[in-house]
Amino acid sequence: MRRMSVILFVAAGLAGAGLASFLALSVGEHGGGANAAPITPRSTPVLPVPTVAVVKKTVPLYLDYVGMTESLRTVTLQAKVTGYLAVQAAGDGADVKTSDLIYRIDPRDYQAALDQAKAQVQRDQAALEYARANNHRNSVLVKAGWVTKDAFDQSTSTLRQAEATLAVDQAALETAQLNLGYTEIRAPFTGRLSRSSVHEGTLISAAGTQLNTLVQLDPIYATFNPAETDLAAIDKARAKGPVPVEIRTNDEGPLQLRGTLAFIDNAVDRGTGTIAARAMIPNHDLTLLPGQYIRARVNIGDRPDALLVPQAAIGSNQIGKFVYVVGAGDTAEQRMVKLGPTYGELVVVDKGVKEGESIITGNLQKLGPGAAVQPKPAAGQSGS
(Lines give C-alpha, C1' and ligand atoms only; values in the text may rest on other atoms or scores of the structure.)
Protein backbone atom coordinates (compact mmCIF):
# COMPACT_ATOMS: atom_id res chain seq x y z
CA MET A 1 0.00 0.00 0.00
CA ARG A 2 2.79 2.44 0.82
CA ARG A 3 4.53 1.50 -2.42
CA MET A 4 1.40 2.31 -4.42
CA SER A 5 1.17 5.80 -2.84
CA VAL A 6 4.77 6.60 -3.78
CA ILE A 7 4.14 5.58 -7.39
CA LEU A 8 1.03 7.84 -7.64
CA PHE A 9 2.90 10.81 -6.16
CA VAL A 10 5.78 10.41 -8.66
CA ALA A 11 3.28 10.19 -11.56
CA ALA A 12 1.50 13.34 -10.45
CA GLY A 13 4.77 15.20 -10.25
CA LEU A 14 5.76 14.18 -13.73
CA ALA A 15 2.37 15.29 -15.09
CA GLY A 16 2.68 18.70 -13.46
CA ALA A 17 6.17 19.19 -14.89
CA GLY A 18 4.92 18.33 -18.37
CA LEU A 19 2.06 20.78 -18.13
CA ALA A 20 4.42 23.54 -17.03
CA SER A 21 6.77 22.79 -19.91
CA PHE A 22 3.83 22.91 -22.37
CA LEU A 23 2.66 26.28 -21.07
CA ALA A 24 6.17 27.71 -21.22
CA LEU A 25 6.57 26.46 -24.75
CA SER A 26 3.24 27.96 -25.80
CA VAL A 27 4.11 31.33 -24.32
CA GLY A 28 7.44 31.30 -26.08
CA GLU A 29 5.84 30.50 -29.46
CA HIS A 30 3.36 33.42 -29.19
CA GLY A 31 5.89 36.00 -28.09
CA GLY A 32 5.10 35.77 -24.41
CA GLY A 33 7.35 36.63 -21.61
CA ALA A 34 8.56 39.88 -20.26
CA ASN A 35 9.15 41.41 -23.73
CA ALA A 36 5.72 40.43 -25.21
CA ALA A 37 3.32 43.25 -26.38
CA PRO A 38 0.09 43.57 -24.37
CA ILE A 39 -3.12 42.32 -26.02
CA THR A 40 -5.46 45.31 -26.94
CA PRO A 41 -9.25 45.02 -27.20
CA ARG A 42 -10.94 45.38 -30.67
CA SER A 43 -11.90 49.09 -31.47
CA THR A 44 -15.47 50.17 -32.39
CA PRO A 45 -15.85 50.84 -36.19
CA VAL A 46 -16.61 54.41 -37.31
CA LEU A 47 -19.50 54.74 -39.80
CA PRO A 48 -19.12 57.36 -42.57
CA VAL A 49 -22.40 59.32 -42.97
CA PRO A 50 -23.56 62.10 -45.32
CA THR A 51 -24.65 65.26 -43.51
CA VAL A 52 -26.46 68.50 -44.31
CA ALA A 53 -26.59 71.60 -42.15
CA VAL A 54 -29.89 72.92 -40.86
CA VAL A 55 -30.68 76.09 -42.83
CA LYS A 56 -32.87 79.03 -41.91
CA LYS A 57 -34.97 80.58 -44.66
CA THR A 58 -38.14 82.52 -45.33
CA VAL A 59 -40.68 80.10 -46.78
CA PRO A 60 -44.20 80.62 -48.15
CA LEU A 61 -47.20 79.63 -46.05
CA TYR A 62 -49.75 77.47 -47.82
CA LEU A 63 -53.23 76.16 -47.17
CA ASP A 64 -53.78 72.91 -49.06
CA TYR A 65 -57.13 71.76 -50.41
CA VAL A 66 -58.56 69.11 -52.67
CA GLY A 67 -60.67 70.60 -55.43
CA MET A 68 -61.99 70.24 -58.95
CA THR A 69 -61.67 72.19 -62.17
CA GLU A 70 -64.68 73.92 -63.72
CA SER A 71 -65.25 75.74 -66.96
CA LEU A 72 -65.94 79.46 -66.86
CA ARG A 73 -68.61 79.03 -69.54
CA THR A 74 -70.48 76.04 -70.84
CA VAL A 75 -73.12 76.36 -73.55
CA THR A 76 -75.39 73.85 -75.25
CA LEU A 77 -75.53 74.59 -78.98
CA GLN A 78 -79.09 74.56 -80.34
CA ALA A 79 -80.73 75.66 -83.58
CA LYS A 80 -83.26 78.49 -83.72
CA VAL A 81 -84.60 77.54 -87.16
CA THR A 82 -85.84 74.30 -88.66
CA GLY A 83 -84.13 72.60 -91.57
CA TYR A 84 -81.85 69.84 -92.73
CA LEU A 85 -78.27 69.92 -91.46
CA ALA A 86 -76.11 70.63 -94.50
CA VAL A 87 -72.60 70.98 -93.02
CA GLN A 88 -70.79 70.02 -89.83
CA ALA A 89 -67.79 72.32 -90.16
CA ALA A 90 -66.02 71.42 -86.88
CA GLY A 91 -65.29 67.85 -85.91
CA ASP A 92 -66.03 66.18 -82.61
CA GLY A 93 -63.80 67.51 -79.84
CA ALA A 94 -62.41 70.30 -82.00
CA ASP A 95 -60.94 73.48 -80.54
CA VAL A 96 -62.74 76.48 -82.04
CA LYS A 97 -62.35 80.23 -81.80
CA THR A 98 -64.99 82.90 -81.40
CA SER A 99 -67.27 83.11 -84.50
CA ASP A 100 -65.89 79.93 -86.09
CA LEU A 101 -68.55 78.06 -88.10
CA ILE A 102 -69.61 74.83 -86.42
CA TYR A 103 -72.87 73.82 -88.19
CA ARG A 104 -74.81 75.07 -91.22
CA ILE A 105 -78.49 74.28 -91.79
CA ASP A 106 -79.73 74.23 -95.42
CA PRO A 107 -80.25 77.98 -96.06
CA ARG A 108 -82.25 77.85 -99.32
CA ASP A 109 -85.70 78.25 -97.79
CA TYR A 110 -84.51 81.19 -95.71
CA GLN A 111 -82.68 82.76 -98.63
CA ALA A 112 -85.91 82.64 -100.64
CA ALA A 113 -87.83 84.24 -97.78
CA LEU A 114 -85.21 86.98 -97.62
CA ASP A 115 -85.47 87.63 -101.34
CA GLN A 116 -89.23 87.84 -101.05
CA ALA A 117 -88.95 90.32 -98.17
CA LYS A 118 -86.55 92.45 -100.20
CA ALA A 119 -88.96 92.51 -103.13
CA GLN A 120 -91.83 93.49 -100.87
CA VAL A 121 -89.77 96.36 -99.51
CA GLN A 122 -88.96 97.57 -103.02
CA ARG A 123 -92.63 97.45 -104.05
CA ASP A 124 -93.88 99.30 -101.00
CA GLN A 125 -91.01 101.78 -101.26
CA ALA A 126 -92.25 102.72 -104.73
CA ALA A 127 -95.80 103.06 -103.43
CA LEU A 128 -94.56 105.31 -100.65
CA GLU A 129 -92.72 107.54 -103.09
CA TYR A 130 -95.87 107.97 -105.20
CA ALA A 131 -98.00 108.63 -102.10
CA ARG A 132 -95.53 111.24 -100.90
CA ALA A 133 -95.45 113.01 -104.30
CA ASN A 134 -99.25 112.93 -104.60
CA ASN A 135 -99.67 114.32 -101.11
CA HIS A 136 -97.22 117.11 -101.82
CA ARG A 137 -99.06 118.02 -105.04
CA ASN A 138 -102.43 118.05 -103.29
CA SER A 139 -101.05 120.24 -100.53
CA VAL A 140 -100.29 122.90 -103.17
CA LEU A 141 -103.55 122.50 -105.06
CA VAL A 142 -105.73 122.59 -101.99
CA LYS A 143 -104.42 126.05 -101.19
CA ALA A 144 -105.39 127.24 -104.69
CA GLY A 145 -108.80 125.60 -104.44
CA TRP A 146 -108.20 123.12 -107.20
CA VAL A 147 -108.40 120.09 -104.82
CA THR A 148 -110.92 119.58 -102.07
CA LYS A 149 -109.90 119.31 -98.47
CA ASP A 150 -111.24 115.75 -98.36
CA ALA A 151 -109.09 114.71 -101.31
CA PHE A 152 -106.06 116.18 -99.60
CA ASP A 153 -106.87 114.31 -96.38
CA GLN A 154 -107.20 111.06 -98.34
CA SER A 155 -103.78 111.56 -99.93
CA THR A 156 -102.30 112.29 -96.52
CA SER A 157 -103.83 109.09 -95.12
CA THR A 158 -102.50 107.11 -98.07
CA LEU A 159 -99.03 108.50 -97.40
CA ARG A 160 -99.17 107.48 -93.74
CA GLN A 161 -100.38 103.98 -94.67
CA ALA A 162 -97.58 103.61 -97.20
CA GLU A 163 -95.03 104.62 -94.56
CA ALA A 164 -96.43 102.05 -92.09
CA THR A 165 -96.49 99.37 -94.74
CA LEU A 166 -92.86 100.00 -95.56
CA ALA A 167 -91.98 99.82 -91.85
CA VAL A 168 -93.67 96.41 -91.65
CA ASP A 169 -91.79 95.28 -94.74
CA GLN A 170 -88.49 96.40 -93.28
CA ALA A 171 -89.20 94.46 -90.06
CA ALA A 172 -90.04 91.40 -92.15
CA LEU A 173 -86.80 91.90 -94.08
CA GLU A 174 -84.81 92.07 -90.87
CA THR A 175 -86.52 88.91 -89.60
CA ALA A 176 -85.69 87.11 -92.83
CA GLN A 177 -82.07 88.22 -92.55
CA LEU A 178 -81.92 86.95 -88.94
CA ASN A 179 -83.46 83.61 -89.86
CA LEU A 180 -80.94 83.21 -92.66
CA GLY A 181 -78.17 84.01 -90.18
CA TYR A 182 -79.54 81.42 -87.74
CA THR A 183 -78.84 78.71 -90.31
CA GLU A 184 -75.18 79.08 -89.31
CA ILE A 185 -74.29 78.02 -85.75
CA ARG A 186 -71.04 79.72 -84.80
CA ALA A 187 -68.89 79.56 -81.65
CA PRO A 188 -69.96 82.23 -79.15
CA PHE A 189 -66.52 82.04 -77.50
CA THR A 190 -63.21 80.22 -77.81
CA GLY A 191 -63.39 76.71 -76.43
CA ARG A 192 -63.60 73.00 -77.14
CA LEU A 193 -66.51 71.05 -78.54
CA SER A 194 -67.86 67.78 -77.24
CA ARG A 195 -69.23 64.93 -79.36
CA SER A 196 -71.80 65.98 -81.95
CA SER A 197 -75.36 64.77 -81.40
CA VAL A 198 -76.36 65.24 -85.07
CA HIS A 199 -74.84 64.66 -88.48
CA GLU A 200 -75.35 65.86 -92.05
CA GLY A 201 -78.84 65.16 -93.32
CA THR A 202 -80.51 65.25 -89.93
CA LEU A 203 -83.72 67.32 -89.76
CA ILE A 204 -83.03 69.95 -87.14
CA SER A 205 -86.01 71.24 -85.21
CA ALA A 206 -86.25 74.72 -83.78
CA ALA A 207 -88.12 73.17 -80.84
CA GLY A 208 -84.80 72.48 -79.09
CA THR A 209 -82.58 69.98 -80.87
CA GLN A 210 -79.25 69.87 -79.00
CA LEU A 211 -76.38 69.83 -81.45
CA ASN A 212 -73.29 69.89 -79.24
CA THR A 213 -71.72 71.36 -76.11
CA LEU A 214 -69.00 74.02 -76.06
CA VAL A 215 -66.85 74.68 -72.98
CA GLN A 216 -64.28 77.39 -72.33
CA LEU A 217 -60.90 76.05 -71.24
CA ASP A 218 -58.72 79.15 -70.97
CA PRO A 219 -58.84 80.42 -68.32
CA ILE A 220 -60.37 77.74 -66.12
CA TYR A 221 -61.72 77.69 -62.58
CA ALA A 222 -60.25 75.62 -59.74
CA THR A 223 -62.94 75.22 -57.08
CA PHE A 224 -62.27 74.05 -53.51
CA ASN A 225 -63.78 74.37 -50.05
CA PRO A 226 -61.73 76.00 -47.30
CA ALA A 227 -62.70 75.30 -43.69
CA GLU A 228 -64.32 78.18 -41.85
CA THR A 229 -61.31 78.20 -39.50
CA ASP A 230 -59.14 79.22 -42.48
CA LEU A 231 -61.26 82.22 -43.41
CA ALA A 232 -59.45 84.67 -41.14
CA ALA A 233 -56.05 83.86 -42.68
CA ILE A 234 -57.44 84.00 -46.22
CA ASP A 235 -59.23 87.32 -45.62
CA LYS A 236 -56.03 88.78 -44.16
CA ALA A 237 -54.12 87.72 -47.26
CA ARG A 238 -56.81 89.11 -49.58
CA ALA A 239 -56.62 92.47 -47.83
CA LYS A 240 -52.97 92.75 -48.92
CA GLY A 241 -53.67 92.04 -52.61
CA PRO A 242 -54.26 89.15 -55.03
CA VAL A 243 -53.81 85.75 -53.35
CA PRO A 244 -51.67 83.33 -55.43
CA VAL A 245 -52.96 79.78 -55.92
CA GLU A 246 -50.93 76.84 -57.24
CA ILE A 247 -52.52 73.88 -58.96
CA ARG A 248 -51.37 70.26 -59.16
CA THR A 249 -53.30 67.31 -60.54
CA ASN A 250 -51.89 64.96 -57.87
CA ASP A 251 -49.88 65.01 -54.67
CA GLU A 252 -46.64 63.76 -56.21
CA GLY A 253 -46.79 65.67 -59.49
CA PRO A 254 -44.83 68.84 -60.22
CA LEU A 255 -46.31 72.31 -60.09
CA GLN A 256 -48.44 72.79 -63.18
CA LEU A 257 -50.22 76.14 -63.17
CA ARG A 258 -50.54 79.30 -61.10
CA GLY A 259 -53.48 81.64 -60.74
CA THR A 260 -55.19 83.88 -58.22
CA LEU A 261 -58.08 83.52 -55.83
CA ALA A 262 -61.13 84.94 -57.61
CA PHE A 263 -64.18 84.14 -55.49
CA ILE A 264 -65.28 83.20 -51.98
CA ASP A 265 -68.94 82.52 -51.35
CA ASN A 266 -71.03 84.64 -49.00
CA ALA A 267 -72.12 81.88 -46.63
CA VAL A 268 -70.62 78.88 -44.81
CA ASP A 269 -72.21 75.50 -45.36
CA ARG A 270 -73.33 74.55 -41.86
CA GLY A 271 -73.46 70.88 -42.79
CA THR A 272 -69.74 70.70 -43.62
CA GLY A 273 -68.28 73.79 -41.95
CA THR A 274 -66.71 74.85 -45.25
CA ILE A 275 -67.19 77.64 -47.75
CA ALA A 276 -67.02 77.51 -51.55
CA ALA A 277 -64.05 79.24 -53.18
CA ARG A 278 -62.47 79.23 -56.59
CA ALA A 279 -59.33 80.44 -58.30
CA MET A 280 -58.97 81.58 -61.89
CA ILE A 281 -56.13 79.69 -63.57
CA PRO A 282 -54.62 80.61 -66.96
CA ASN A 283 -54.69 77.45 -69.05
CA HIS A 284 -52.98 78.46 -72.28
CA ASP A 285 -51.72 74.95 -73.05
CA LEU A 286 -55.16 73.46 -72.29
CA THR A 287 -53.57 70.97 -69.90
CA LEU A 288 -56.53 71.15 -67.51
CA LEU A 289 -60.04 70.02 -68.40
CA PRO A 290 -63.28 70.60 -66.49
CA GLY A 291 -64.02 67.93 -63.90
CA GLN A 292 -60.42 67.05 -63.00
CA TYR A 293 -59.51 66.53 -59.35
CA ILE A 294 -56.68 68.84 -58.32
CA ARG A 295 -54.60 69.89 -55.34
CA ALA A 296 -54.86 73.61 -54.68
CA ARG A 297 -52.28 75.45 -52.57
CA VAL A 298 -53.32 78.91 -51.43
CA ASN A 299 -50.36 81.14 -50.54
CA ILE A 300 -51.49 83.24 -47.57
CA GLY A 301 -48.10 84.82 -46.80
CA ASP A 302 -44.52 84.03 -45.81
CA ARG A 303 -42.91 82.49 -42.74
CA PRO A 304 -39.52 84.00 -41.84
CA ASP A 305 -36.68 82.13 -40.09
CA ALA A 306 -38.01 78.64 -40.78
CA LEU A 307 -35.56 75.77 -40.08
CA LEU A 308 -35.35 73.31 -42.97
CA VAL A 309 -33.94 69.79 -43.19
CA PRO A 310 -34.17 67.14 -45.94
CA GLN A 311 -37.18 64.85 -45.74
CA ALA A 312 -34.80 61.93 -46.27
CA ALA A 313 -33.28 62.60 -42.83
CA ILE A 314 -36.55 62.08 -40.97
CA GLY A 315 -36.97 58.83 -39.07
CA SER A 316 -39.95 57.49 -37.19
CA ASN A 317 -40.52 55.30 -34.16
CA GLN A 318 -43.27 54.64 -31.63
CA ILE A 319 -42.59 57.94 -29.89
CA GLY A 320 -42.71 60.10 -33.01
CA LYS A 321 -40.46 61.65 -35.65
CA PHE A 322 -36.73 62.09 -35.13
CA VAL A 323 -33.47 63.03 -36.81
CA TYR A 324 -29.85 62.11 -36.10
CA VAL A 325 -27.59 65.06 -35.34
CA VAL A 326 -23.79 64.87 -35.28
CA GLY A 327 -23.08 65.44 -31.59
CA ALA A 328 -19.96 65.91 -29.49
CA GLY A 329 -17.09 63.61 -30.38
CA ASP A 330 -18.66 62.81 -33.76
CA THR A 331 -21.35 60.61 -32.34
CA ALA A 332 -24.93 60.24 -33.54
CA GLU A 333 -27.41 62.04 -31.31
CA GLN A 334 -31.08 61.21 -31.76
CA ARG A 335 -33.41 64.22 -31.59
CA MET A 336 -37.19 64.04 -31.45
CA VAL A 337 -38.64 66.75 -33.72
CA LYS A 338 -41.92 68.46 -34.48
CA LEU A 339 -42.45 68.89 -38.21
CA GLY A 340 -44.17 71.63 -40.19
CA PRO A 341 -45.09 71.87 -43.88
CA THR A 342 -42.99 70.40 -46.66
CA TYR A 343 -41.37 72.28 -49.53
CA GLY A 344 -40.22 69.87 -52.21
CA GLU A 345 -37.45 67.72 -50.72
CA LEU A 346 -37.25 69.83 -47.55
CA VAL A 347 -39.45 69.96 -44.48
CA VAL A 348 -39.82 72.62 -41.81
CA VAL A 349 -38.78 71.57 -38.29
CA ASP A 350 -40.73 73.54 -35.71
CA LYS A 351 -38.91 72.08 -32.72
CA GLY A 352 -35.86 69.90 -32.04
CA VAL A 353 -32.95 71.34 -34.04
CA LYS A 354 -30.97 74.57 -34.37
CA GLU A 355 -29.57 76.45 -37.31
CA GLY A 356 -26.21 75.13 -38.50
CA GLU A 357 -26.41 71.72 -36.81
CA SER A 358 -25.30 68.81 -38.99
CA ILE A 359 -28.14 66.44 -39.83
CA ILE A 360 -27.31 62.90 -40.91
CA THR A 361 -29.13 62.07 -44.17
CA GLY A 362 -27.83 58.56 -45.00
CA ASN A 363 -27.04 55.16 -43.49
CA LEU A 364 -29.84 55.77 -41.01
CA GLN A 365 -30.72 52.09 -40.79
CA LYS A 366 -27.21 51.39 -39.44
CA LEU A 367 -27.24 54.12 -36.82
CA GLY A 368 -28.17 54.13 -33.20
CA PRO A 369 -27.90 56.76 -30.46
CA GLY A 370 -24.23 57.26 -29.51
CA ALA A 371 -22.81 55.53 -32.60
CA ALA A 372 -19.43 56.83 -33.76
CA VAL A 373 -19.72 58.54 -37.15
CA GLN A 374 -17.51 60.19 -39.71
CA PRO A 375 -19.46 63.20 -41.14
CA LYS A 376 -19.15 63.93 -44.87
CA PRO A 377 -21.07 66.54 -46.91
CA ALA A 378 -23.99 64.93 -48.73
CA ALA A 379 -23.76 64.70 -52.51
CA GLY A 380 -25.02 67.87 -54.14
CA GLN A 381 -25.03 69.73 -50.80
CA SER A 382 -22.64 72.31 -49.54
CA GLY A 383 -23.44 71.53 -45.98
CA SER A 384 -24.13 75.18 -45.20
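In this chain, numbering begins with 1 at the start of the sequence shown.
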A.B. asks: Run Ile275 and Leu231 through side chain to side chain contact (heavy atoms under 4.5 Å, CB included) and show every step you take.
C.D. replies: CA-CA 9 Å; Ile275 190 169; Leu231 281 178; 3.6 Å; yes
A.B. asks: With a 3.5 Å distance limit and no angle check, can you tell me whether Asn317 reaches the backbone of Gly320 through a side-chain donor-acceptor pair?
C.D. replies: yes
A.B. asks: Side chains of Val55 and Leu307, heavy atoms from C-beta outward: is any pair under 4.5 Å?
C.D. replies: no
A.B. asks: If the threshold is 4.0 Å, N to carboxylate O, is there a salt bridge linking Glu228 and Arg270?
C.D. replies: yes
A.B. asks: In terms of relative ring orientation, are Tyr65 and Phe224 parallel, tilted or perpendicular, with 30° and 60° separating the classes?
C.D. replies: parallel
A.B. asks: So, do Leu364 and Leu367 sit near enough that their side-chain heavy atoms are less than 4.5 Å apart?
C.D. replies: yes
A.B. asks: Within the structure provided, determine whether Val54 and Ile359 are in side-chain contact (heavy-atom separation under 4.5 Å).
C.D. replies: yes
A.B. asks: Test of understanding: clusters of I, L, V, M, F, W, Y form through side-chain heavy atoms closer than 4.5 Å, transitively. Do Val49 and Val52 belong to the same one?
C.D. replies: no
A.B. asks: Report the distance from atom CG of Asp305 to atom NZ of Lys57, rounding to the nearest 0.5 Å.
C.D. replies: 13.0 Å
A.B. asks: Quick one: do Asn135 and Arg132 satisfy side-chain hydrogen bond (donor to acceptor under 3.5 Å, both in side chains)? Show the steps, please.
C.D. replies: CA-CA 5 Å; Asn135 181 256; Arg132 183 177 291 117; over 6 Å; no
A.B. asks: Roughly how far, to the nearest 0.5 Å, is the CG atom of Leu166 from the CD atom of Glu129?
C.D. replies: 9.5 Å
A.B. asks: Distance from Gln311 atom CD to Thr342 atom OG1, nearest 0.5 Å?
C.D. replies: 5.0 Å
A.B. asks: Any heavy-atom pair between the side chains of Asp109 and Asp106 that's under 4.5 Å?
C.D. replies: no
A.B. asks: Start with the C-alpha distance between Thr76 and Gln78, add both sets of side-chain angles, then the distance that settles side chain to side chain contact (heavy atoms under 4.5 Å, CB included), and finish with yes or no.
C.D. replies: CA-CA 6 Å; Thr76 299; Gln78 294 177 284; 4.2 Å; yes
A.B. asks: Counting C-beta onward and ignoring hydrogens, is there a side-chain heavy-atom pair between Gln216 and Ser71 closer than 4.5 Å?
C.D. replies: yes
A.B. asks: Does any N or O in the side chain of Glu163 come within less than 3.5 Å of the main-chain N or O of Leu128, such that one atom is a donor and the other an acceptor?
C.D. replies: no
A.B. asks: So, using ring-ring contact (aromatic ring centres under 6.0 Å, His included) as the criterion, who are the partners of Phe322 when residues are at least two apart?
C.D. replies: Tyr324
A.B. asks: If you group Ile, Leu, Val, Met, Phe, Trp and Tyr by side-chain heavy-atom gaps below 4.5 Å, do Ile204 and Val81 land in one group?
C.D. replies: yes
A.B. asks: For the pair Asp92 and Arg195, find out whether any cationic side-chain nitrogen is under 4.0 Å from an anionic carboxylate oxygen.
C.D. replies: no
A.B. asks: Verify the cluster assignment for Leu85 and Val96: are they in a single hydrophobic cluster under the rule of side-chain heavy atoms below 4.5 Å apart?
C.D. replies: yes
A.B. asks: Evaluate side chain to side chain contact (heavy atoms under 4.5 Å, CB included) for Thr249 paired with Gln292, printing each intermediate quantity in order.
C.D. replies: CA-CA 8 Å; Thr249 54; Gln292 283 185 270; 4.0 Å; yes
A.B. asks: Between Ala332 and Ile360, which heavy-atom pair has the shortest distance, and what is it?
C.D. replies: CB-CD1, 4.2 Å
A.B. asks: In terms of hydrophobic clustering (I, L, V, M, F, W, Y; side-chain heavy atoms under 4.5 Å; direct or indirect links), are Leu193 and Leu72 co-clustered?
C.D. replies: no
A.B. asks: Would the distance check show the side chain of Thr175 and the main-chain N or O of Ala171 forming a donor-acceptor pair, the cut-off being under 3.5 Å?
C.D. replies: yes
A.B. asks: Answer yes or no: is there an ion pair linking Arg295 with Glu246, defined by an N-O contact shorter than 4.0 Å?
C.D. replies: no
A.B. asks: Do you know the tightest heavy-atom contact between Ala313 and Val323?
C.D. replies: O-CG1, 3.7 Å
A.B. asks: For residues Leu173 and Lys118, report the shortest heavy-atom separation together with the two atoms involved.
C.D. replies: CD1-CG, 3.4 Å
A.B. asks: Does atom CZ (Phe263) have a neighbourhood of more than 12 heavy atoms from anything else shown, all under 6.0 Å?
C.D. replies: yes
A.B. asks: State whether Asp350 and Arg303 are salt-bridged, where the test is any N-O pair (Lys NZ or Arg NE/NH1/NH2 against Asp/Glu carboxylate O) under 4.0 Å.
C.D. replies: yes
A.B. asks: For Leu214 and Ala187, which heavy atoms make the closest approach, and how far apart are they?
C.D. replies: CD2-CB, 4.2 Å
A.B. asks: Checking side chain to side chain contact (heavy atoms under 4.5 Å, CB included) against Val309, which of Val347, Val348, Val325, Thr361 comes through?
C.D. replies: Val347
A.B. asks: Decide yes or no for Leu257 and Thr287: does some side-chain heavy atom of the first lie under 4.5 Å from some side-chain heavy atom of the second?
C.D. replies: yes
A.B. asks: Less than 4.5 Å apart, any side-chain heavy atom of Val245 and any of Asn299?
C.D. replies: no
A.B. asks: Please step through side-chain hydrogen bond (donor to acceptor under 3.5 Å, both in side chains) for the pair Gln161 and Ser157, ending with a clear verdict.
C.D. replies: CA-CA 6 Å; Gln161 292 179 34; Ser157 176; 3.1 Å; yes
A.B. asks: Can you tell me if Thr51 uses its side chain to pair, donor with acceptor, with the backbone of Pro375 under 3.5 Å?
C.D. replies: no
A.B. asks: When you measure from the side chain of Thr69 to the backbone of Leu288, do you find a donor-acceptor pair of N or O atoms at a distance under 3.5 Å?
C.D. replies: no
A.B. asks: Report the C-alpha separation of Ile319 and Met336 in whole Å, then their side-chain angles, then the decisive distance to 0.1 Å, and conclude whether the side chain to side chain contact (heavy atoms under 4.5 Å, CB included) test is met.
C.D. replies: CA-CA 8 Å; Ile319 301 176; Met336 305 307 297; 3.8 Å; yes
A.B. asks: State, yes or no, whether a side-chain contact exists between Thr202 and Tyr84 at a heavy-atom distance under 4.5 Å.
C.D. replies: no
A.B. asks: When you measure from the side chain of Arg186 to the backbone N and O of Ser99, does any donor-acceptor pair fall under 3.5 Å?
C.D. replies: yes
A.B. asks: Give, for atom CG of Asp235 and atom CD1 of Ile264, the distance between the pair rounded to the nearest 0.5 Å.
C.D. replies: 6.0 Å
A.B. asks: Is the closest side-chain donor-acceptor distance between Tyr103 and Ser196 under 3.5 Å?
C.D. replies: yes
A.B. asks: Run the side-chain hydrogen bond (donor to acceptor under 3.5 Å, both in side chains) test on Asn138 and Ser155 for me, step by step, so that the C-alpha distance in whole Å, both residues' side-chain angles and the decisive distance to 0.1 Å come before the verdict.
C.D. replies: CA-CA 7 Å; Asn138 286 342; Ser155 66; 3.2 Å; yes
A.B. asks: Inspect the surroundings of CD in Gln365 and state if more than 12 heavy atoms from other residues, nucleotides or ligands are less than 6.0 Å away.
C.D. replies: yes
A.B. asks: Could you report the tightest heavy-atom contact between Ile300 and Ala233, atom names first, then the distance?
C.D. replies: CD1-CB, 3.8 Å
A.B. asks: Just checking Glu174: does its CD atom have more than 12 heavy atoms from other residues, nucleotides or ligands closer to it than 6.0 angstrom?
C.D. replies: no
A.B. asks: Would a hydrophobic clustering, with Ile, Leu, Val, Met, Phe, Trp and Tyr connected at side-chain separations under 4.5 Å, put Val198 with Val75?
C.D. replies: yes
A.B. asks: Would you confirm whether Arg192, through its side chain, and Asp95, through its main-chain N or O, come within 3.5 Å as a donor-acceptor pair?
C.D. replies: no
A.B. asks: Nearest 0.5 Å, what's the CE-CG distance between Met280 and Leu261?
C.D. replies: 11.0 Å
A.B. asks: Testing the basics here: between Asn283 and Leu217, what is the closest heavy-atom pair and its distance to 0.1 Å?
C.D. replies: ND2-O, 3.0 Å
A.B. asks: Taking atom types as modelled, is there a side-chain donor on Arg108 or Gln111 under 3.5 Å from an acceptor on the other?
C.D. replies: no
A.B. asks: Just how far is it from atom OG1 of Thr260 to atom CD1 of Ile281, taken to the nearest 0.5 Å?
C.D. replies: 7.0 Å
